[in-house]
Structure formats: structure tokens, C-alpha cells
Amino acid sequence: MRSKHNTVPGLAVIMVGERRDSAKYVSMKQAVAESIGFKSFSSVLPATATHRDVLECIQHHNKDPRCHGILLQLPVPAHLDPRGLLGAIKVEKDVECFNPTNAGRMTAWRRTVIAPCTPLGVMEMLLRLGVEVRGKHAVVLGESSVVGLPMCLLLNEARATVSMVHKETPNPEGFTRRADIVVAATGVPELVRAGWVKRGAVVIDVGINFVRDDERPEGFRVVGDVHPDVREVASIVSPVPGGVGPMTIAMLMRNCANMAFLQSRWGTIAGALHPDLAAENARRMHAAIVDLAWRGSGDHPISVSENGEGEAEQECSKKRGARDVKAREEALERAGDSITDAELLTIINDSEKNAFGLLSFLELGSSHDRLLGADASSAGTEGGTRVGEGDRGVARRIPRALGGAGQAPGQARGGKLKGCVGGEELGSGEEGPMEALDEWHLEAERAAKEKGEMVVPRQGNPLLLEDELEETADGTGWWEGCASTPVSASAAAAAVETAASSESARGKGRGGRDHQG
Ligand SMILES: Nc1nc2c(c(=O)[nH]1)N[C@@H](CN(C=O)c1ccc(C(=O)N[C@@H](CCC(=O)O)C(=O)O)cc1)CN2
């Protein structure tokens with residue numbers, strides 16, 4: 001990152017209170033960050049810190065251009081409202097995807113640039129083990145916003161049939177016995193027993209529980225949610241310790257690197273979407289995505305037969321998983337030579353759908369700066385690229401494209417808009433590079449409609465009145481922006497293609513600025 005993008009990813013970890021386990025996880029995260037050359041920032045606040053104290057700390061990191069990712073170690077002391085605090089982390093620095101805007105996008109749109117680290121770690125584990133997810137029955141035990149819920153979404157995204165089992169599910173073992181993949185995230189030590197698991201199933205243990213053990217000098221040991229007897233029936237059981245925990249930290253670093261990249265290259269990414277470049281970019285991006293083709297061959301490695309033949313099959317699937325990972329890495333390398341960083345990042349994030357996620361992430365991120373009244377310097381100029389430089393076009397255009405007549409709702413209500421999207425002060429009358437994105441959205445919608453697929457209606461981007469901003473200064477009531485995107489992957493893919501051809505057809509006649517940083 002340093003040599004290629006002139007950026008060193010910076011990760012800020014905020015901890016409130018003195019829980020020993022939290023302190024250990026925080027120092028593990030910092031140690032890993034430093035060992036891979038990231039800048040690491042740490043803020044430890046006393047257990048007595050007020051909501052405002054923590055908000056100020058978050059704001060400090062929000063404004064620091066050296067810091068690209070911010071995480072609040074959970075749990076926080078009971079007098080604090082974790083949701084309000086997580087919502088105060090800037091959207092583009094929310095390295096764990098817990099800000100309700102990012103979490104909402106993940107739910108409504110199925111994909112954002114980032115996802116919560118533990119579920120991402122589980123998905124990466126399944127990929128590298130060669131476990132086929134598509135078409136399988138996955139049962140997630142647990143419903144937390146940190147693990148259970150996003151886990152279900154990612155498994156669903158990977159085309160599993162997903163059951164979420166929670167405390168009030170009668171007969172949970174009835175679900176797990178039918179599952180091909182079980183993800184246990186209950187916080188109940190060794191809850192899942194051999195009798196709960198189908199022979200040959202894959203069991204991922206997310207639990208990290210401390211149980212008393214007088215035979216150990218420390219007086220306790222760490223166990224998962226899965227009992228050791230499950231290993232007798234399952235084909236794979238992830239270990240605790242040494243399984244999902246380290247994967248969580250690895251995914252945190254990956255998210256942070258992605259976010260550093262995005263923040264440092266925003267101008268370039270916007271530039272890459274300049275109308276004049278969009279056709280060529282769309283064509284090459286599509287070609288690179290097709291080239292990847294690493295998703296596996298579609299057979300079913302985890303359905304292991306009762307007579308034990310499954311082991312060979314598992315071995316085979318592991319090999320195929322390794323082959324897929326290698327193919328993906330090679331394709332990325334090749335793609336890296338021939339395409340822009342923006343496209344590369346899109347590919348790193350796995351799917352053509354993410355072209356939309358990526359761009360809207362930046363779009364909202366940059367408007368968030370203005371919502372917060374952040375000064376221009378906090379937008380950052382790392383890597384010689386002025387972050388946010390390319391967003392004027394978005395700001396000016398979105399109300400027209402999404403809200404109808406181009407009038408901002410705040411204006412309609414007679415309020416005074418503070419740095420809002422659509423505010424007069426933001427537009428210069430020039431065409432913006434993000435028009436290409438809007439076009440893509442519109443093309444995708446048209447394509448989806450033609451095919452009779454569902455399209456999420458467009459709603460406005462976040463607009464905030466000055467007095468509302470003050471009212472919500474404690475960070476608890478911020479508006480969560482809701483732009484829109486087509487819901488179907490095929491429509492999105494079609495849009496990429498259509499955008500390529502329609503951009504070519506339009507030729508280079510359209511005005512626009514070059515936002516290359
Ligand atoms: N903001 C967050 N808070 C918390 C998260 C989280 O993902 N984000 N998850 C957990 C704690 N956690 C990370 O923060 C975490 C826990 C455990 C491990 C880990 O690697 N554990 C080791 C065992 C360590 C030991 O011996 O105690 C392992 O499983 O091998 C990593 C991260 C709650 N809070």
C-alpha cells in the first residue's frame with residue numbers, strides 16, 4: 001500500500017473500561033496491525049467515561065486523515081448506548097460494518113464494501129476449506145448483530161438456505177441435525193453435541209467461552225460452543241482457540257486495508273468513472289470479473305455419504321478450494337496489470353454487484369463529511385489525491401436523480417440546509433464524474449424492469465437540517481441515508497454491460513471534468 005498508493009492504513013481501536021478479555025483482544029489487534037505495517041492508534045477511556053466523552057473520542061478519529069478504520073471494542077459499560085456510539089463512526093471508517101448505515105446496506109443491498117469481521121472470517125474459512133455453500137442448508141445458532149445476523153446474510157449471499165436458530169427456537173437440535181453447515185455463535189460453552197450434528201456436516205465454532213479449570217495455573221480455559229464429541233460425526237470442526245478468533249482479526253485488517261485504499265484513492269476512483277472513461281472501464285471490469293471464474297464447479301463436496309466415502313470427497317474439495325484461491329489470486333494479479341485500482345478493488349470484493357456497493361459507499365461517505373460539518377482538511381489528501389474532490393457531481397445530481405425534481409426535501413420544508421447533498425453551494429454547474437454511476441443505476445433499473453425483476457424504489461439521500469444536526473449531537477438520532485440500488489445481481493451485471501455499450505454509443509460528446517488525482 002505504501003509503495004503503490006502512498007498510504008499506510010491506520011486503525012484506531014477504542015476501548016472503554018478495563019475488562020481483561022477486551023484488553024487482551026485490543027492488544028492482539030494492535031499487535032497484528034503493527035506487525036503488518038499499519039499505523040495503530042489506541043484510545044482507552046475509563047469505565048466512567050460518559051457518552052459524550054466516547055463520542056468526542058470517535059470524532060477525533062473521524063477527523064484524523066491518518067486513521068482509515070475505527071473500531072469500538074464491545075461490550076461497552078452498561079451506562080453507554082453502543083448503537084449511538086457505533087452510529088457516530090464515520091461510514092467510510094466503520095471498519096467493522098456496525099454503523100447502522102453500513103449494516104442497513106448490507107441487509108437491504110446484500111453487500112457493501114465491508115462486512116462484519118467474524119462472519120467474514122467464517123466465509124473466508126469455508127472458501128479456503130473448499131466447502132461448497134451454494135445450495136446447502138446452513139444453520140446459524142445465534143442472532144447477535146455482531147455475528148448471527150450478518151452471518152445469515154453472508155451465507156444467504158453465498159446462496160445457502162439459511163435457518164437462524166435462537167433462544168426461543170423450539171428443538172434447535174432438530175434444525176442442526178438437518179444442516180450441512182452449522183455455525184455456532186451462542187456463547188454457551190459446548191452446547192452443540194454429537195447428537196445435534198449430521199454425519200459429514202461442517203461445523204464452525206464461533207464461541208469463545210471461559211470455563212473454570214482449577215488444574216490450570218490461570219484457573220480457567222477457553223472452550224467453544226461445540227463439544228469435542230462433535231468431531232466424531234462432523235467432517236470439519238473449526239478449533240477453539242485457533243479458529244474463528246484469529247480469522248476475525250485477519251478480516252479486520254483486510255477491511256481496514258480496503259478502507260484505506262478507498263479513502264486515499266477516492267479522487268482516482270471517481271476519475272475512473274468519468275463518463276469518458278466509463279465505457280472502457282466497464283468493459284474491462286466485466287472481462288476481469290468473467291476471467292476470475294473462481295467460484296467452484298458446482299458439485300457438492302460437503303454432502304458426505306454415510307458409509308465414510310465422504311472423507312475422500314472432502315480432501316478433493318479442499319484441493320479444489322486451494323486451486324480456486326490460487327486461480328483467484330492469479331487472476332487478481334493479471335487484472336492488476338491491466339485495469340485501474342477502482343476495478344481491482346471491485347474485484348477484490350468478489351462480485352460485479354459490488355461496483356454499486358463500492359461507489360455508493362464512497363458517495364455516502366463523502367456526503368457524511370458535510371453532514372458532520374467536518375472541515376475540508378479532514379477529508380484528507382493522502383497519496384496526493386484530494387479525497388472528496390470528485391463528489392460535487394454526486395452532491396448536485398443525486399436529489400434530481402433520486403428525489404425527483406431536483407429540490408432537496410430540506411428546502412421544501414423551508415429549512416436551512418447545512419452542507420447537505422443538493423445544497424447550492426456544492427454545485428458548480430459542471431457535469432460530475434459520478435453521472436456514470438447514476439446512469440448505471442438507471443440502466444440496471446431499466447434492465448430489471450424489462451426482465452420483470454423487483455427494483456427497490458429510489459429514495460432520497462440523507463439531508464439534515466441545521467437544527468436537526470444539533471438535536472442529534474449526542475449521536476443517537478442521526479439520519480441514516482437511504483439511496484437505492486437494484487436488487488438483482490443479474491440486473492447489475494446487465495447494467496455493467498449496457499453501460500459499456502450505451503456509453504460507447506453516447507461517445508465522448510458529454511462534458512465533464514477529469515478528477516484523476
Ligand atoms: N468491536 C468488537 N468487539 C468484539 C468483537 C468484535 O469482533 N468486534 N468480538 C469479540 C472479541 N474479539 C474481537 O474483538 C476477539 C475475541 C477472540 C479472538 C481470538 O483470536 N481468540 C483466540 C483465543 C484467545 C484467548 O486465548 O483468549 C482464539 O480464538 O484463538 C479474537 C477476537 C467480542 N468483542
Side-chain angles (χ1 to χ4, degrees), residues 11-33 35 40-45 54 57-58 61 69-78 80-89 93-100 102-103 106 114-125 142-151 154 183-190 203-213 216-226 228 237-256 259:
L11 175 67
V13 180
I14 303 171
M15 184 174 94
V16 189
E18 286 127 26
R19 282 179 63 120
R20 272 174 50 200
D21 56 348
S22 291
K24 182 176 180 179
Y25 303 141
V26 165
S27 63
M28 281 160 67
K29 289 171 188 182
Q30 286 176 312
V32 173
S35 74
S40 164
F41 305 93
S42 140
S43 300
V44 181
L45 283 80
V54 189
C57 177
I58 291 171
H61 293 300
I70 303 171
L71 85 79
L72 176 66
Q73 187 62 34
L74 299 171
V76 290
L80 297 173
D81 164 26
R83 291 181 192 182
L85 296 172
L86 293 168
I89 297 174
K93 295 195 179 189
D94 171 33
V95 72
E96 296 195 288
C97 197
F98 292 157
N99 177 307
N102 285 328
M106 205 185 145
I114 48 157
C117 305
T118 300
L120 259 189
V122 172
M123 296 308 292
E124 190 69 21
M125 216 180 213
E143 58 179 334
S144 72
S145 336
V146 175
V147 183
L149 184 58
M151 189 74 250
L154 291 187
V183 180
T186 63
V188 181
E190 300 182 345
V203 180
I204 306 295
D205 192 348
V206 179
I208 295 174
N209 310 295
F210 298 91
V211 295
R212 204 182 151 136
D213 188 342
R216 298 195 176 215
E218 59 274 28
F220 66 85
R221 71 195 152 91
V222 179
V223 301
D225 291 358
V226 177
V237 181
S238 72
V240 176
V244 172
M247 289 302 290
T248 297
I249 295 183
M251 293 301 108
L252 174 66
M253 302 306 149
R254 185 163 89 177
N255 277 352
C256 190
M259 297 170 96

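One-based numbering, in listed order, for ligands and for the atoms of each.
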If only atom types and distance count, is the side chain of D213 paired as donor or acceptor with the main-chain N or O of G219 below 3.5 Å?
no
Any donor-acceptor N/O pair, S238 side chain to D205 backbone, under 3.5 Å
yes
Describe, in one word, how the ring planes of F210 and F220 are oriented to each other, choosing from parallel (under 30°), tilted (30 to 60°) and perpendicular (over 60°).
perpendicular
For residues L74 and F98, determine if any side-chain heavy atom of one lies less than 4.5 Å from a side-chain heavy atom of the other.
yes
Among N99, N102, N255, which one satisfies side chain to side chain donor-acceptor pair (under 3.5 Å) with D94?
N102
If you count only heavy atoms, which residues are under 4.0 Å from ligand 1?
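Residues near ligand 1: K24, Y25, M28, K29, L71, L72, Q73, L74, E96, T118, I208, V222, P241, G242, G245, P246, T248, I249.
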Gap separating the CG atom of L85 from the CG atom of L72, nearest 0.5 angstrom
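Atom-to-atom, L85:CG and L72:CG are 6.0 Å apart.
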